[in-house]
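Okay, structure first, notes after.
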Amino acid sequence: MSAVARLAVYAGSFDPPTLGHLDLIERASALFSDVIVGIGRHPTRQPLFSIEERLALVARVSSHLPNVTVEAFDGLLIHFCKAKRARVIVRGLRAATDFEYELQIAHANADLEPEVDTVFLPTRTKNGFISASLVREIASHGGDVSRYAPGIVCEALKAKFAHP
């Protein structure tokens, strides 16, 4: 099975998608012919947004990128990449602590599927501290997250945390 020309997968939970995620999607779309944003389903996690909501949010924030598609997947990312015939996994790095964890995962993925490489993209300085969990925490207390998440995500967060 041959790989699709420069197809990359950028995967995560995107609960919710942040400006940091969007920056990485945009940069990956400039580097690769096609990018699949893979949203993982984790049976042990309780996300704020359903898989359908996350698919819709990521699709909307990346709709200006014609070479980007958004799909959900179950199981191991490396199996998803193989099924899609992707040769590259894109991972974002915010800090040195991310690197140690991500390198361990990259080594395991390379051991399981040597034909799939991992490419690390450092976050832009302005996004270095942004995480989905930080955005959820601020939004849950009614804080303004417009500096950290796209407008449609901010609106979705307001709706999630609306108090009757």
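The basis for the numbers below is simple: all heavy atoms, side chains too, and nothing from hydrogens, waters or symmetry mates.
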Quick one: do Lys82 and Glu115 make a salt bridge, cutoff under 4.0 Å?
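Here Lys82 does not pair with Glu115 in a salt bridge, since their nearest N and O are not under 4.0 Å apart.
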
Which value, rounded to the nearest 0.5 Å, describes the distance between Cys81 atom SG and Asp117 atom CG?
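So the gap between those two atoms works out to 11.0 Å.
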
Can a side-chain donor-acceptor contact be found between His79 and Glu113 if the only test is distance below 3.5 angstrom?
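Short answer, no.
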
Donor-acceptor under 3.5 Å ([X] side chain, [Y] main chain):
{"X": "Asp34", "Y": "Leu7", "result": "no"}
{"X": "Asn67", "Y": "Ser29", "result": "yes"}
{"X": "Asn127", "Y": "Asp23", "result": "no"}
{"X": "Ser131", "Y": "Leu134", "result": "yes"}
{"X": "Arg136", "Y": "Asp15", "result": "yes"}

Do [X] and [Y] make a side-chain contact, defined as non-hydrogen atoms from C-beta onward lying under 4.5 Å apart?
{"X": "Ile36", "Y": "Phe80", "result": "yes"}
{"X": "Val37", "Y": "Phe14", "result": "yes"}
{"X": "Val58", "Y": "Ile25", "result": "yes"}
{"X": "Val9", "Y": "Glu71", "result": "no"}
{"X": "Ile39", "Y": "Ser13", "result": "no"}

Would Tyr10 and Val68 count as a side-chain contact (heavy atoms from CB on, under 4.5 Å) if you check the C-alpha gap in whole Å, the side-chain angles of each, and the deciding distance to 0.1 Å?
CA-CA 10 Å; Tyr10 173 46; Val68 172; over 6 Å; no

side-chain hydrogen bond (donor to acceptor under 3.5 Å, both in side chains) between Ser146 and Asp144: does it pass, once the steps are laid out?
CA-CA 6 Å; Ser146 62; Asp144 178 13; 2.7 Å; yes

Is it the case that atom NZ in Lys126 sees more than 12 heavy atoms from other parts of the structure closer than 6.0 Å?
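No, the 6.0 Å shell around NZ holds no more than 12 heavy atoms from other groups.
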
Counterpart residues, side-chain contact (heavy atoms from CB on, under 4.5 Å), relative to Thr118 (two or more places apart)
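side-chain contact (heavy atoms from CB on, under 4.5 Å) list for Thr118, sorted by chain: Ile89, Arg91, Ala106, Phe120.
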
Between Phe129 and Tyr148, is the ring centre distance below 6.0 Å?
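Ring centroids of Phe129 and Tyr148 are less than 6.0 Å from each other.
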
